[in-house]
**Student:** 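A single structure is presented below for examination.
These numbers were taken from a predicted model, which means no experiment stands behind them.
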Amino acid sequence: MQLKNLKDQVIVITGASSGIGLVTARMAAEKGAKVVVAARNEEALKELVNELRGNGNTAIHVKADVGRGEDVNKIAVTALKEFGRFDTWVNNAGVAIFGYAMNVSNEDMKRMFDTNFWGVVYGSKVAVKHFKERGFPGALINVGSLFGDRGTLIQSTYAPSKFAVHGWTESLRMELKKENVPVSVTLIHPGRIDTPYTQHAHSYLDKQPIHKGMLYPPKAVAEAILYAAEHPKSDLYVGAQAKAIEFIGRIFPRFTDRLMERFLPPTQYANIPAKPREESNLHQAGYGLQERGINKGWRRSNSMYVKASKYPIFSRVIIIGLGAFILVNFRRNK
């Protein structure tokens, strides 16, 4: 399947008012793509579009709540009216809840699923329908999570929403391949990303949610997304931690449970009071135009795992070379 170069593409990005979506929009525009940005915060979107146009780029915005099917249809209609098509659709919008599973209300869980899961379903259906009708290859890119591969504590109601996204994406990909539909379906597996995600979160904790530990920049996720827009890929992991948790959890499930039970909770909150739930972005638009968050830890400049995924042959040569080096030295020291 041959996808267009970014400079020739129209790209739709949901959740574009902050974090990963914001960085992806800026990077895509920089590379020459025409950008359609969508989110609930219209003021932030207007500022972003003005910024991109001021840099000589082409961009439009659509105020939309992806948890509403009619709003997602409006994004597609706007893109088609303005550009006559779109070539890549990125389902990135997401909200989070921090709190132990039995404490989170069913109403809040349903609202989170409206955004995190149903938003992806609505976007996927609109995108696939468009690509089928025009008969030309397009890319559908769904942003999952390391917690879509492995359950967790505290974000224990967020994780199932991402499990659902992963299951939907894999199932849809198989159906489209079986029917020979020209759509590249990619699932992005981000590790812990330094965005305002935790500040926007709806918290049932007394303490403020944050990420602690190894943090990857949102540009690493954007790099993975834009690579998938040009190159058909089934899965892209952002950060070795995302791949490691998935792999170890599959091979040693109970060991991983105990490890996470013991060490993970304190890495998800700071020793400061949590913001009121009324200020979260669960039921309303959050503040916009912020790429980074207040998270603490080792801030990586990029993800070597993403870069390695872009050059698989080169990566295999390095791995084989390192393996041979280790084997030779092991035998020498025996």
Side-chain angles (χ1 to χ4, degrees), residues 14-15 19-20 66-67 90-125 128 140-176 185-193 195 197-198 200-204 209 211 216 221 224-225 228 233-261 264-265 267-268 281-282 305:
T14 69
I20 292 167
V66 298
V90 183
N91 284 313
N92 165 73
V95 293
I97 296 176
F98 280 64
Y100 286 94
M102 298 302 292
N103 296 333
V104 177
S105 74
N106 293 341
E107 179 189 5
D108 285 346
M109 285 184 66
K110 286 177 180 177
R111 176 56 197 164
M112 180 173 59
F113 266 79
D114 282 344
T115 300
N116 292 7
F117 175 65
W118 284 107
V120 172
V121 173
Y122 298 145
S124 299
K125 287 189 171 184
V128 170
L140 170 64
I141 302 169
N142 294 337
V143 179
S145 169
L146 79 164
F147 293 139
D149 293 315
R150 193 69 183 57
T152 185
L153 299 86
I154 297 182
Q155 294 184 71
S156 41
T157 56
Y158 169 81
S161 73
K162 289 299 186 177
F163 265 77
V165 168
H166 289 208
W168 163 261
T169 306
E170 291 173 3
S171 302
L172 179 61
R173 182 193 296 128
M174 288 189 286
E175 286 189 4
L176 295 175
V185 181
T186 302
L187 179 62
I188 307 292
H189 305 246
R192 280 183 164 174
I193 311 301
T195 70
Y197 163 89
T198 51
H200 287 311
H202 199 71
S203 179
Y204 280 76
H211 290 323
Y216 293 90
V221 188
I225 290 170
K233 295 283 288 186
S234 294
D235 296 86
L236 281 169
Y237 290 82
V238 182
Q241 63 182 208
K243 184 62 179 177
I245 286 177
E246 184 273 335
F247 178 76
I248 296 169
R250 180 160 38 88
I251 305 300
F252 306 107
R254 186 54 196 144
F255 168 77
T256 308
D257 283 351
R258 289 178 177 173
L259 202 64
M260 295 178 79
E261 288 161 14
L264 196 63
T267 71
Q268 299 188 78
N281 73 348
L282 183 63
Y305 204 92

**Student:** Mind checking whether Val221 and Ile188 have side chains closer than 4.5 Å, heavy atoms only?
**Tutor:**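 Side-chain contact under 4.5 Å: yes.
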**Student:** Listed by chain and number, what are the salt bridge (charged side-chain N to carboxylate O under 4.0 Å, His left out) partners of Arg250, not counting sequence neighbours?
**Tutor:**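 Scan of Arg250 (salt bridge (charged side-chain N to carboxylate O under 4.0 Å, His left out), adjacent residues dropped) gives Glu246.
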**Student:** Taking ring-ring contact (aromatic ring centres under 6.0 Å, His included) as the cut-off, I'd like each qualifying pair that reaches into residues 94-116, sequence neighbours left out, listed once.
**Tutor:**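 Of all non-adjacent pairs touching residues 94-116, none passes ring-ring contact (aromatic ring centres under 6.0 Å, His included).
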**Student:** Taking atom CH2 of Trp118 and atom OG of Ser161, what is their separation to the nearest 0.5 Å?
**Tutor:**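 These two atoms lie 13.5 Å from each other.
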**Student:** Check whether any side-chain heavy atom of Asp235 sits under 4.5 Å from a side-chain heavy atom of Arg173, and report yes or no.
**Tutor:**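 Yes - at least one pair of side-chain heavy atoms lies under 4.5 Å apart.
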**Student:** From Tyr197 OH over to His211 NE2, what is the distance, rounded to the nearest 0.5 angstrom?
**Tutor:**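 Separation between the atoms: 6.0 Å.
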**Student:** Would you mind reporting whether His189 and Lys162 have side-chain heavy atoms less than 4.5 Å apart?
**Tutor:**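 No - every pair of side-chain heavy atoms lies 4.5 Å or more apart.
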**Student:** Would you check if Ile225 and Leu236 make a side-chain contact, meaning some heavy-atom pair closer than 4.5 Å?
**Tutor:**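 No, too far: nothing below the 4.5 Å cut-off.
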**Student:** Of all residues at least two apart in sequence or in a different chain, which pass the side-chain contact (heavy atoms from CB on, under 4.5 Å) check with Trp168?
**Tutor:**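 In terms of side-chain contact (heavy atoms from CB on, under 4.5 Å), with neighbours along the sequence ignored, Trp168 is linked to Phe117, Val120, Val121, Ser124, Lys125, Asn142, Leu172.
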**Student:** Go through the structure and list residues passing side-chain hydrogen bond (donor to acceptor under 3.5 Å, both in side chains) with Tyr237, not counting sequence neighbours.
**Tutor:**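 For Tyr237, no residue satisfies side-chain hydrogen bond (donor to acceptor under 3.5 Å, both in side chains) once neighbours in sequence are set aside.
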**Student:** Do you know which two heavy atoms are closest between Pro190 and Val143, and how far apart they sit?
**Tutor:**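 Smallest interatomic distance, heavy atoms only, reads CG-CG1, 3.9 Å.
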**Student:** Is the shortest side-chain heavy-atom distance between Arg150 and Met260 below 4.5 Å?
**Tutor:**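 Yes, at least one pair of side-chain atoms sits under 4.5 Å.
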**Student:** Supply the atom-to-atom distance Thr267 OG1 to Ile154 CD1, rounded to the nearest 0.5 angstrom.
**Tutor:**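 It is 7.5 Å, given to the nearest 0.5 Å.
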**Student:** Please confirm whether the backbone N or O of Ile248 pairs with a side-chain atom of Thr256, one donor and one acceptor, at under 3.5 Å?
**Tutor:**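 Looks like yes, one N/O pair under 3.5 Å.
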**Student:** Which heavy atom of Thr198 sits nearest a heavy atom of Pro209, and at what distance?
**Tutor:**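 In terms of heavy atoms, the two residues are closest at CB-O, 3.3 Å.
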**Student:** Can you list everything that forms a side-chain hydrogen bond (donor to acceptor under 3.5 Å, both in side chains) with Ser105? Sequence neighbours excluded, please.
**Tutor:**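 Partners of Ser105 under the side-chain hydrogen bond (donor to acceptor under 3.5 Å, both in side chains) test: Asp108, Tyr204.
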**Student:** With side-chain contact (heavy atoms from CB on, under 4.5 Å) as the test, pick out the partner of Leu140 among Val90, Asn91, Thr169.
**Tutor:**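 Of the listed options, the one satisfying the test is Asn91.
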**Student:** So how far is it from Phe147 CZ to Leu153 CG, rounded to the nearest 0.5 Å?
**Tutor:**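 That separation rounds to 9.0 Å.
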**Student:** If you take all heavy atoms of Ala159 and Thr152, which pair is closest and at what distance?
**Tutor:**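 That closest heavy-atom pairing would be CB-CG2, 4.2 Å.
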**Student:** Where is the tightest heavy-atom contact between Ser156 and Gly99, given as atom of each residue plus distance?
**Tutor:**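 Distance-wise, the nearest heavy atoms are OG-O, 3.4 Å.
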**Student:** To the nearest 0.5 angstrom, please state how far the CD atom of Gln241 sits from the CG atom of Leu146.
**Tutor:**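 The CD atom of Gln241 sits 6.5 Å away from the CG atom of Leu146.
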**Student:** Might you point out which heavy atoms bring Leu187 and His166 nearest each other, and give the distance in Å?
**Tutor:**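 So the two residues come closest at CD2-CG, 3.6 Å.
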**Student:** Check for a donor-acceptor pair, side chain of Asn116 on one end and backbone N or O of Gly94 on the other, with a separation under 3.5 Å.
**Tutor:**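 Such a contact is absent between Asn116 side chain and Gly94 backbone.
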**Student:** Does Glu261 have any salt bridge (charged side-chain N to carboxylate O under 4.0 Å, His left out) partners at least two apart in sequence or in another chain, and if so, which?
**Tutor:**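 Per chain and number, Glu261 pairs via salt bridge (charged side-chain N to carboxylate O under 4.0 Å, His left out) with Arg254.
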**Student:** Nearest 0.5 angstrom please: Tyr122 OH to Thr115 OG1, how far?
**Tutor:**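 Going from the OH atom of Tyr122 to the OG1 atom of Thr115 covers 10.5 Å.
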**Student:** State, to 0.1 Å, how close Tyr216 and Ala240 come at their nearest heavy-atom pair, and which atoms those are.
**Tutor:**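 Scanning both residues completely, I find the closest heavy atoms to be OH-N, 3.4 Å.
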**Student:** If you draw a 6.0 Å radius around CZ in Phe163, do more than 12 non-hydrogen atoms from other residues or ligands fall strictly inside?
**Tutor:**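 Yes, the 6.0 Å shell around CZ holds more than 12 heavy atoms from other groups.
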